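Right, one structure below, let's go through it.
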Amino acid sequence: MTRSLTLSAAAAFVLLALGALVLPDWAMFLFAMALAKGLVCLGIVGMMRGGLVSFGQGLYYCLGAYTATLVANTFGVSDIFLLTVLSTGVCLAVGLAFGPLLASYRGIFFAMLSLALSMVLYGSLSKMSFIGGTDGLNIAAPTFLGWAPEGRALQTALYLYVAVMVVIAGTLMRIYFDSEQGLIALAARDNELRVEYLGASVRNVNTYSYVFGAVLGGIGGTIAVLALGHVDPEFAFWTTSGEFVFVAILAGYLSVPSVFVAAIILEMVRSFSNLYFPNTWQLALGIFLLIVIVVLPDGLGSLVRRRKGDAT
Amino acid sequence: MTTKTKIGGAFAALTLAAGLATPAAAQDDTFKIGVITFLSGQAAESFGVPALNGGKVLIDMLNQGGQLPAPYTQKGFGGMTIEVVEVDEAGGATKQVQEFRNLVQREEVDAVVGYVSSGNCLAIAPVADELKAFTILYDCGTPRVFETGSFDYVFRTAAHATMDNVSLARYLKARDFPVESFAGLNQDYAWGQDSWADFKGSMAQIYPDAEEKTALFPKFGAGQYGTEISALLRERASLVHSSNWGGDLQGFLLQATARGLHERSQLVLAAGDHVIPQLQDKMPDGIFLGARGVNGLAAKARGGELAELTDTLWNAYEAEYEAFPVQAPFRMWQALLGLKTAVEKAMAENGGKKPNDEELAAAMEGLAWDAPSGRIEMALAGGHQAIQPNAIGTTKWNEAEGRMELVDVEYFAARCVNPPEGTTSQEWLAAGFPGAQCD
């Protein structure tokens, strides 16, 4: 199991890295953004396995992005590794503070409470005109351990960086999903009471999932803001969080790689529908989403998993 | 564990599809511009769609050639046919950065003209420089774009928002309007907050004794202002300032006039002209309003040397869309005419070839040209930020002809209401407009 996991992680990385060679500039940026958002969605998928859906992952996406931007602008730090560690640290701390609280809620209450937290951040940032208010802030391009690439090299470096993050995060989450705690989460999805009677703590498992989601959100937000060069409070707005949930639903909770494929598909569909139907792109996007939900209620992951007859 | 490899197959297919979708290379006899503005959402009705419509009217006339008075008689841009790729600005800065890259790298446009939202302008500018893509910001207001950054390939062909509120305060003074106190109602986001700060700063200089009363910031898109209007009625301020736009402004005006706020306090609107086509006679008489430049009714009332250019575009727009052009089409016109001037200047210098981004940027820097909204000068931020004249007027419904007129219009020279080079708007306001040239 471990060996095949290592192998598939290596294969996934090679595949992603190949993208750096064949993708045109615009697509490389689109893929990098999609993969960064995919990291956030992976956090939601982790919670979905335990039957919880967070409508507030924008909180960590935004928190990570703002931490990176403020640190970069205040202290002149531009190293991508340092920025990632710092903003992930902040998200981890906040996730640890809210995780135990939110872990006692289920269903719509969990969704609404997580949404409320992210909207608090949105509202506060919108009021803070000294850091740009609703217009947001710019951040300079990142450096990689002292190396400051430009143009295509910068895009390639960012893309490879996010690819590495995706492979590491994907592998670790797969290990977590297949671990004892991860399987307890899956069981709790079916019958929480029974799991509790068997002596496991669903609350703990949910806290873990939430904290992992926070960390992934922070990493995703940091990479996204470094690629974009701009952050605004929209990062924490409910529509942003809703998009993450949509990708998670599109992917389903069965397979890790499908999360990233779903994120890329969504970005592609949006980009092309925006170009070909400038007046009705939302409609095109909506129709696409409806079709996916009707045809694949368990998400993209079910395409692969169903065939194997494997329930996990 | 074959999941990854299988999903990987799908991924590879996607990659391939992405690689194959190559753009049609731009021809030498066409000039391809990406036009980004709001086609959906709140700003579409007020700014995005009128601007795009105005752009279409102008581009059609340019592509036919010979429809406009001198110096715009040449066909297209320097003889090249203009081709437009439209993109919707709705969806936030993240999406806009992505779309901008797509326009430049996938569609290979020759220039980008766009952006109403200040947040989008701030986000796009560094990306445009990174891609070395010639970009015109045609509408957005925040002074921060060039006051906190400097860009080689980015130009804003409209004055920033400081002008709007300085002009309002100067108008009050020019009309000898007595101001004992003033209150404000602005949308609770950067535009509303900045506008109120600018207005307050201008009033502090021009009416130092006026008392500042309540400043209300209802949510963007609130639509209902019952409580705010009650508060304003109670305050009895001499004037009430608002930079609201679109549905928010329509809602505020309809609800405020029903309760007589406009009779108790003078209403002054920083950017109010664009709701006249929707409100018609529901817009009360006697409101002081600006149009973020000598745009719309103020341009029509001005006449003078630019009357022929203004009327030609005005009539074409009115014939096509059965409404008169408000501020948004004027800003699109000044952007496109500026681009045309820059392209033709660059072609005169490079021997008639289609100019590249560097040549365009060099030609645009410090350029000056005539637009229906007056003379546009790229005077600030090292020749990257325009200044333009402004006008404020008073609404008056013409019962006989069934249309709104602007009376008692005061025109302000560009250098009277815009800060000079080398100082930020906030410093300029705080210092009492040093270097302002008001004739």
Side-chain angles (χ1 to χ4, degrees), chain A residues 1 4-5 7-9 11-12 15-16 18-19 22-27 29-31 33 126-127 129 132-138 140-141 150-151 154 224 228-230 232 234-235 237 239-240 255-258 260-261 264-265 267-268 270-271 274-275 278-279 281-282 300-301 304-305 308, chain B residues 1-12 14-19 21-22 39-40 85-88 90-99 101-107 117-127 130-132 142 144 148-149 188-191 193-194 197 217 220:
Chain A
M1 188 68 197
S4 66
L5 186 63
L7 269 179
S8 39
L15 202 82
L16 283 169
L18 273 180
V22 298
L23 288 176
D25 288 335
W26 63 268
F29 178 78
L30 191 148
F31 274 47
M33 281 303 292
S126 301
K127 288 274 183 192
S129 50
T134 48
D135 280 349
L137 287 169
N138 282 359
E150 275 180 30
L154 171 65
L228 277 173
H230 182 81
D232 57 39
E234 287 281 310
F235 273 49
F237 199 55
T239 49
T240 312
S255 146
V256 168
S258 67
F260 299 99
V261 174
I264 290 169
I265 291 176
E267 291 295 332
M268 293 281 246
R270 179 162 54 187
S271 173
N274 196 45
L275 179 71
N279 287 297
W281 63 275
Q282 289 101 332
L300 283 180
V304 217
R305 288 283 172 167
K308 284 172 67 183
Chain B
M1 178 152 245
T2 52
T3 323
K4 292 206 173 174
T5 41
K6 276 182 187 164
I7 298 270
F11 181 79
L14 256 176
T15 315
L16 203 64
T22 47
L39 303 177
S40 62
V85 183
E86 295 169 23
V87 176
D88 186 2
T94 307
K95 174 167 164 284
Q96 288 319 313
V97 170
Q98 240 153 324
E99 293 311 325
R101 285 176 184 271
N102 291 343
L103 272 178
V104 172
Q105 296 178 328
R106 189 170 73 201
E107 302 306 314
S117 148
S118 293
N120 289 343
C121 280
L122 286 167
I124 290 300
V127 185
E130 184 205 320
L131 301 181
K132 299 187 170 34
T142 183
R144 281 175 59 209
T148 58
D188 193 13
Y189 78 112
W191 164 258
Q193 292 154 357
D194 291 353
F217 289 99
F220 174 70

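A, B, ... follow the sequence lines: proteins, then strands. Residue 1 opens every chain. Model, not experiment: these values are computed from the prediction.
- Contacts of Gln98(B) with chain A are made by both backbone and side-chain atoms, with heavy-atom separations under 4.5 Å.
- For His230(A) against Ala123(B), the heavy-atom pair with the smallest separation is CG-CB, 3.2 Å.
- Between Ser271(A) and Arg106(B), some side-chain heavy-atom pair lies under the 4.5 Å cut-off.
- Of all heavy-atom pairs spanning Lys127(A) and Gln193(B), the tightest one is CA-NE2, 4.5 Å.
- Of the atoms belonging to Ser118(B), heavy atoms from both backbone and side chain fall under 4.5 Å from chain A.
- Between the side chain of Asp232(A) and the backbone N or O of Gly119(B) there is no donor-acceptor pair closer than 3.5 Å.
- With sequence neighbours excluded, no residue satisfies side chain to side chain donor-acceptor pair (under 3.5 Å) with Glu86(B).
- The closest side-chain heavy-atom distance from Val97(B) to Phe29(A) is below 4.5 Å.
- Residues Ala90(B) and Trp281(A) approach most closely at O-CZ2, 3.7 Å, considering heavy atoms.
- Contact of Gln282(A) with chain B is made through the side chain alone, with heavy-atom distances under 4.5 Å.
- Heavy atoms of Asp25(A) lying under 4.5 Å from chain B belong to its backbone as well as its side chain.
- With values rounded to the nearest 0.5 angstrom, Glu150(A) atom CD is found 6.5 Å from Lys132(B) atom NZ.
- Summarising the geometry of Asn138(A) relative to Pro126(B), their closest heavy-atom pair is ND2-CG, 3.4 Å, with the distance given to 0.1 Å.
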Requested in this report: Carefully, step by step, assess Met33(A) and Thr94(B) under the rule side chain to side chain contact (heavy atoms under 4.5 Å, CB included).
Outcome: CA-CA 9 Å; Met33(A) 281 303 292; Thr94(B) 307; 3.5 Å; yes
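- Between the Thr134(A) side chain and the Tyr189(B) main chain, no donor and acceptor come within less than 3.5 Å of each other.
- For Thr240(A), the side chain to side chain contact (heavy atoms under 4.5 Å, CB included) criterion is met by Tyr61(A), Phe237(A), Phe244(A), not counting sequence neighbours.
- Using a 4.5 Å cut-off on side-chain heavy atoms (C-beta onward), Leu137(A) and Arg144(B) make contact.
- Counting heavy atoms from C-beta outward, Leu30(A) and Arg101(B) have side chains that stay 4.5 Å or more apart.
- Closest non-hydrogen pair, Gly132(A) versus Ala190(B), comes out as O-CB, 4.4 Å.
- In this structure, the side chains of Val104(B) and Trp26(A) stay at 4.5 Å or more apart for every pair of heavy atoms.
- Looking only at heavy-atom pairs under 4.5 Å with chain A, the residue among Thr142(B), Val127(B), Val87(B), Asp188(B) that has the most is Asp188(B).
- Rounded to the nearest 0.5 Å, atoms SG (Cys121(B)) and CG (Asp135(A)) are 9.0 Å apart.
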